[in-house]
Amino acid sequence: MNRPARQQIIGKTVLHVAGLAKEFQGNGAMITALRDVNLSVHQGEMVAVMGSSGTGKSTLLFILGLLLHPTRGSYHMLGRDMLRLNRKAQAEIRRKFIGFVFQSSDMVETCSVHENLELPLIYADVRRAERPVRIDEALKRVNMAHRLRHPTNLLSGGERQRVGIARALVNRPCLILADEPTGQVDQANGQRIMDCFERIAGDGKTAIIVVTHDPVVAARCPRMCRLEDGVLYEQ
Amino acid sequence: MFFTSRFTDILRISIRRVFRQRRRYLGPALAIVLGTAGLIVVMSLSDDVKKVFNEKLDLLGGATILQVYFEEKALDEQWTAKPRFFYWDVLKALRKLPGVDVVSAIALKSAPASVGWGSAQGHFTLVAVDRHFWKLHDFTPMAGEFFDKMAVEEGKRVCVVGAEVARAIFAREDVVGRNLFIENDLYRITGVLDGFRVGEGTRFVFVPMTTALSRISHMTLPVRLFLRCKGWDDVESTAAAIPGVVGDFLYTDRLRVDGVWGNLKRVKRVAFWLEVFANVCVISTLVLGGLGIWNIMMAAVRSRTREIGIKKAIGAEDRDILIQFMTEAMTLCLGAALAGVVLGWLVIEAVSLMLNSHPALDLFLRSTGWSVGLSLALGLGAGIYPSLRASRMEVAAALRYE
């Protein structure tokens, strides 16, 4: 399968992990989800992390998104040690530097598209006057500006996912973590979502890590890694 | 400034959510509405209801009425010049006692009065009463009406006769409007008194105090006072205070203050348990509402686990989630409590019409403050645990929750 040529690294290192390991206690035995993972991602890079179910893809994504703490290893983002942060500081890093896109693109169902996109801006203390500009900008980047006031429960699966990407973008993060972003949409919508990611990465400011088990999706990323039994292999 | 904006935005979002999902919260909200309204009604109207019970319930047996009089001197005692009559200034002073509702004085003719019409003659007890007498005893005329304030003030020659008197003189009870000679003076009968509660009064003739004192010989000055207390809780304190008040005007040796103490005790016991029952009902309703809110908030935390995870993933701090869920619980309680205040006010208006008495505004405001405060405390109590649970939720676990 042809993959696009590796994009030129135009930015500084967004994240760097070394010797990362994660072990869980389960049913009396220790389960190793990740072992000795080393990874560096730079601004403008789009990295696919592939692997079959249960190989630790989501665990890696959660650690990179400061949702889980690793058992061992080091993790630096923009030069800062992420493993020394308390919960409050981690939340601050998440809202300022990280955007999440989930498989089912969970939205707050009782809210409209606008209200869903406003949430990260509220948590990030963005001024009220600036919020509409940011929301409009994010929706335009995923071609969803026309759905601004639409209730989220009336959106199609593909539209929801693109709104999810817009929500991840709205705080202008330097890292987007996408967990199976095309997992619940058809192929055409999957391609549209990947088009969005390519455009976002193309600006050279945002790094994107896409966790997927779909080779077609992974093929759209210039850089691909594979997780097998908790070990990350660069391909 | 930013924190303020963030805080108010979270409040706005949470309140909006409660209103959008109001049907889900209908049950517990209704319980709080009823509980709040009930508490306001019980607190505001309990004094008025007690007062009406005092006046209207025959079963109370005049438990809140006190009689004040001087004992007769013993035959072997020396005659004394000490005055034994209750002058108007004594009545005025007694009316100022905090627990006193109505004071009435009566005077008696020292010997039975000659009463008759035509050939029918008899001797009956003549009682001179003031205008408060009927209200104090809550008597209802069997026929006609009692003489009013004007009749007393103008000293009109009118009278109310007991049913036995009417039968003895006229051989019938329907004698309203008929004339009657009392001590050779002509009086018009305005009403007839009868009934179980009247007791010996069916053999009495009642005339206005002013008329009796000016026209009938051998009439004493007021020798006996009746006081109706505002409530049964005021009876003992009022009885204890009476000698002190009377003592400012008269010698109080031989002064007697009598009450129906046995009945009072029974009434107080029944009233206590009724009050406990009413309060338990109201508080139970409120607590049930609180439990409903606790339950619904717990269910909300469970069903919105992923939402909590997502909010934390996009940058919400623990306190943001805590504020959100607490605001939802408090909004629900406050909204329901305010609806309860409106309902309570409507009930009070309706009941006031029936009781013909309206609670004081400050009492209503105080009970409203208590009820709303209690509802908010319930919201706080019911919302704090689910909110803490939501705020402390691990993000990864929340995001994996199906």
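The shown structure was predicted, so the numbers you read here are calculated from the model rather than taken from an experiment. A, B, ... follow the sequence lines: proteins, then strands. Residue 1 opens every chain.
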Can you tell whether the side chains of [X] and [Y] come within less than 4.0 Å, N to carboxylate O?
{"X": "A/K88", "Y": "B/D318", "value": "no"}
{"X": "B/R12", "Y": "A/E115", "value": "no"}
{"X": "A/R95", "Y": "B/E317", "value": "yes"}

Taking the side chain as every heavy atom from C-beta outward, state whether [X] and [Y] have any pair of such atoms under 4.5 Å apart.
{"X": "A/Y123", "Y": "B/I10", "result": "yes"}
{"X": "A/R128", "Y": "B/S5", "result": "yes"}
{"X": "B/I310", "Y": "A/M107", "result": "no"}
{"X": "B/R6", "Y": "A/V126", "result": "no"}

Checklist entry - Is it the side chain or the backbone of A/Q90 that comes within 4.5 Å of chain B heavy atoms, both, or neither? => result neither

Checklist entry - Between A/L68 and chain B, which part of the residue has a heavy atom less than 4.5 Å away: side chain, backbone, both or neither? => result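 The side chain, not the backbone.
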
Rounded distance [0.5 Å steps], [atom1] in [X] versus [atom2] in [Y]:
{"X": "B/L399", "Y": "A/L61", "atom1": "CG", "atom2": "CG", "result": "10.0 Å"}
{"X": "B/I13", "Y": "A/L119", "atom1": "CD1", "atom2": "CG", "result": "5.0 Å"}
{"X": "A/R167", "Y": "B/I314", "atom1": "CZ", "atom2": "CD1", "result": "5.0 Å"}

Checklist entry - For chain A, which of B/K311, B/E307, B/E394 has the most heavy-atom pairs under 4.5 Å? => result B/K311

Heavy-atom closest pair, residues [X] and [Y]:
{"X": "A/A91", "Y": "B/A316", "result": "CB-O, 4.1 Å"}
{"X": "A/C111", "Y": "B/R16", "result": "SG-NH2, 4.3 Å"}
{"X": "A/F62", "Y": "B/A396", "result": "CD2-CB, 3.6 Å"}

Take a 6.0 Å sphere around [atom1] of [X] and say whether it holds more than 12 heavy atoms from other residues, nucleotides or ligands.
{"X": "B/R22", "atom1": "CZ", "result": "no"}
{"X": "A/R80", "atom1": "CZ", "result": "no"}
{"X": "B/K268", "atom1": "NZ", "result": "yes"}
{"X": "A/R141", "atom1": "CZ", "result": "yes"}
{"X": "A/H213", "atom1": "NE2", "result": "no"}
{"X": "B/N295", "atom1": "CG", "result": "yes"}

Checklist entry - Contact part of B/R304 toward chain A, heavy-atom cut-off under 4.5 Å: side chain, backbone, both or neither? => result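 Neither; nothing under 4.5 Å.
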
